[in-house]
Protein chains: 2
Amino acid sequence: MKVTINDVAKLAGVSMKTVSRVINKEPSVRKKTFDVVMEAVNELNYQPNLAARNLAGTSSFTIGLVYDNPNAYYVIDMQNGVLSRCKDEGYELVIHPCSYSEANMEHDFKTMIKRSRLAGLVLTPPLSEQSSITNLLDELNIHYVRVLSGRPNEEDQDTCIYVNDFKAAYEITTHLLKHGHKNIGFICGDKEHKSTSERLEGYKAALADHNTQTNDAFIYDGKYSFESGVEGAQALLADDNKLAITAILGGNDEMAAGALFASRLMGIKIPEQLSITGFENSPFSRQTWPKLTTAHQENDVISQHAARLLFTKTRGARNQDKDIITSFTPSIVVRDSSGPKL
Amino acid sequence: MKVTINDVAKLAGVSMKTVSRVINKEPSVRKKTFDVVMEAVNELNYQPNLAARNLAGTSSFTIGLVYDNPNAYYVIDMQNGVLSRCKDEGYELVIHPCSYSEANMEHDFKTMIKRSRLAGLVLTPPLSEQSSITNLLDELNIHYVRVLSGRPNEEDQDTCIYVNDFKAAYEITTHLLKHGHKNIGFICGDKEHKSTSERLEGYKAALADHNTQTNDAFIYDGKYSFESGVEGAQALLADDNKLAITAILGGNDEMAAGALFASRLMGIKIPEQLSITGFENSPFSRQTWPKLTTAHQENDVISQHAARLLFTKTRGARNQDKDIITSFTPSIVVRDSSGPKL
DNA sequence: AGTTAAAATGACAACGCTGTCAATGCTCTA
DNA sequence: TAGAGCATTGACAGCGTTGTCATTTTAACT
């Protein structure tokens with residue numbers, strides 16, 4: 001029933017160690033030997049035992065995914081991407097949700113790492129932005145790859161995957177400007193998130209490049225939540241507000257949906273009286289009425305590349321993977337919540 | 001740096017094996033010895049190595065979570081529940097998303113099981129309803145716990161966690177009936193899902209108990225998707241339809257949101273002209289306008305109990321867990337999308 | 001106190017693989 | 001064709017636990 005490396009070795013007529021070399025794709029194995037072994041592997045349908053590999057080897061076949069993000073769609077996408085690579089490469093994935101506020105996070109972290117010696121970690125925002133965490137990992141000498149909001153070509157080229165929120169926000173703002181909107185509101189996400197400042201700067205840069213004044217009264221500090229989107233729109237559109245805003249950029253889809261909700265309460269017609277845009281293209285940007293114009297982030301692809309980048313590090317120089325993309329720019333998806341200024 | 005069972009043994013002045021007994025909570029260890037060992041464990045902050053335990057032991061410390069469900073909120077909740085128990089009990093979780101249509105699912109499954117000898121599996125709907133899967137697992141002699149839509153006290157009392165959708169649908173329908181609605185539409189989910197028939201039967205039972213006629217024309221076959229909710233509402237409310245429907249039960253929140261969307265397109269006011277209810281209480285039932293009346297399923301708690309049930313099986317008789325709840329009934333949450341018939 | 005059974009503990013192999021290092025096979029040169 | 005030198009392969013120990021079984025300690029009796 002249970003097939004071990006020994007069974008394969010016997011069938012192939014080689015030593016255990018040679019089989020090990022084959023399944024680990026080590027160089028110095030003669031082509032012919034390789035084929036013989038692979039044939040035996042297939043015939044017996046052999047699957048190397050992960051626990052044994054983790055125990056015996058110097059580097060393990062387990063990586064971790066760490067997140068602190070209330071957005072289920074985001075987490076699932078990231079997870080699926082990493083998972084699919086793990087499956088392909090024979091790795092195991094340990095999921096570690098945590099909240100940064102947890103006082104015992106560091107301890108938690110160490111425990112996880114001790115329990116299953118990890119080959120590395122994929123860090124997603126906002127945790128990936130926390131230097132206390134990366135310091136801790138550096139100290140523990142653990143490989144990691146960070147998915148970050150930001151523009152490429154900064155420091156750690158080979159430890160980071162960048163999502164160019166700046167550019168995406170620039171483009172979505174430009175989209176609005178081209179439709180004749182001048183007074184464009186912006187509902188920010190959490191101040192602590194890098195994506196918030198990147199998106200805000202992209203918005204400001206677009207305004208500047210189109211000779212449009214930035215007005216601080218157009219900017220509302222939200223929290224990436226539906227409720228803060230509601231409040232943001234109410235604040236920006238308040239009666240006694242002479243701002244004459246004709247478009248609102250939501251920092252993410254959830255806040256844009258909140259803004260939509262608030263507009264409805266105020267009897268404002270979308271997109272005739274007000275254009276609203278989101279960010280992220282999560283499923284519910286298609287489930288609002290009207291459907292949201294937004295910026296599409298391909299999170300599953302992003303996280304796949306993050307996993308690949310991590311694997312190249314843990315495997316050292318043997319089997320390099322050269323086609324890794326380390327910079328992504330969300331692309332604009334125009335739907336029904338935005339339109340020309342009337 | 002790395003603390004092993006030997007270090008603990010040395011510090012505590014006992015043998016390796018005794019430490020093993022203590023961390024596995026085996027009986028026959030003297031109280032005094034137990035304390036001494038635990039002290040050493042704490043002092044050294046010892047964490048047993050999972051790979052070694054999995055390799056050496058007859059039963060492993062890894063369980064799997066299998067799902068085939070496009071609903072991110074559901075999956076995350078289930079996952080978090082299982083994860084939190086795993087953390088408490090020192091288990092590791094392997095996530096296995098799959099789609100039932102995948103031809104090679106069986107092979108996939110076997111591969112996963114070979115790679116990391118699993119102590120057991122938590123199956124979530126709709127996979128948990130597939131007898132081909134449970135048969136496969138029985139064959140492979142793998143423990144599993146199923147989360148199922150259904151009424152308690154059926155067969156496998158100790159392998160299943162039931163979610164009483166029947167009762168919840170009965171109650172939500174009753175809620176509508178008490179508000180004077182007679183012509184109540186129902187948008188079903190996927191026919192293949194057990195939850196669909198359970199909810200439908202609950203709806204029918206409530207109607208019957210309130211002397212209200214069931215009309216097949218009130219029932220629309222949807223797909224648990226937003227789009228099918230849109231189509232369902234359009235069909236049920238079509239102009240040439242003399243049904244005079246004043247309320248619609250969505251089979252889940254997503255379809256209810258779709259129905260809401262369709263109503264808006266048709267210029268129907270909610271809840272004045274039409275009451276709409278959902279099912280599941282996912283976050284976006286709070287993010288529609290108006291907010292959805294729905295049935296709240298505590299998925300994280302449900303999955304925690306599923307994990308606990310699984311652990312009692314894998315651990316055999318030693319450390320039984322007696323407070324496991326195996327039957328849950330979603331509770332009605334009344335919000336703004338439902339109201340009295342005018 | 002002496003015997004016996006039961007409870008508590010320990011010694012050691014084994015789990016399935018990888019790392020190390022030694023042994024063998026092969027190619028190329030002179 | 002011998003020898004050097006590199007490419008390929010193999011023998012064996014060891015990773016950190018748990019299972020088995022032997023041994024010691026304790027408790028419970030005469």
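Note on naming: letters A, B, ... go to the chains in the order of the sequence lines (proteins, then strands), and numbering restarts at 1 for each one. Since this is a predicted model, take the numbers as computed values, not measurements.
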B/Phe328 and B/His305 aromatic ring geometry - parallel, tilted or perpendicular at 30°/60° bounds: perpendicular
Position toward the 5' end of DNA chain D (nearest nucleotide), A/Arg30 or B/Val19: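 Its nucleotide being nearer the 5' end, the pick is A/Arg30.
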Rounded off to whole Å, could you give me the [atom1]-to-[atom2] distance for the [X] and [N] pair?
X	N	atom1	atom2	answer
A/Phe34	D/dA7	CZ	P	19 Å
B/Lys32	D/dT25	NZ	P	14 Å
A/Ile5	D/dG10	CD1	C1'	13 Å
A/Arg21	D/dT8	CZ	C1'	8 Å
A/Phe61	C/dG16	CZ	C1'	13 Å
A/Asn6	D/dC12	CG	P	13 Å
B/Lys17	C/dA11	NZ	P	13 Å
B/Arg117	D/dG19	CZ	P	10 Å

If the cut-off is 4.0 Å, is [X] near the phosphate of [N], judged by side-chain N/O to OP1 or OP2?
X	N	answer
B/Ser15	C/dA11	no
B/Thr33	C/dT9	yes
B/Ser28	C/dA7	no

Candidates D/dG19, C/dG16, D/dA11 - which lies nearest the side chain of A/Asn49: C/dG16
Of A/Lys2 and B/Thr18, the one whose closest DNA chain C nucleotide lies more 5': B/Thr18
Residue list, side-chain hydrogen bond (donor to acceptor under 3.5 Å, both in side chains) with A/Glu298, at least two apart or on another chain: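 Here no residue qualifies.
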Check against side chain to side chain contact (heavy atoms under 4.5 Å, CB included), B/Thr134 and B/Leu123: CA-CA 9 Å; B/Thr134 54; B/Leu123 301 177; 4.3 Å; yes
Hey, are [Y] and [X] close enough side-chain-wise for a donor-acceptor pair under 3.5 Å?
X	Y	result
A/Tyr73	A/Asn299	no
B/Ser303	B/Asp77	no
B/Tyr162	B/Ser149	no

Side chain to side chain contact (heavy atoms under 4.5 Å, CB included) between B/Ile161 and B/Ser327, intermediate numbers included: CA-CA 6 Å; B/Ile161 304 280; B/Ser327 173; over 6 Å; no
Residues from residues 50-58 of chain A lying under 4.0 Å of DNA chain D - heavy atoms: A/Leu55, A/Ala56
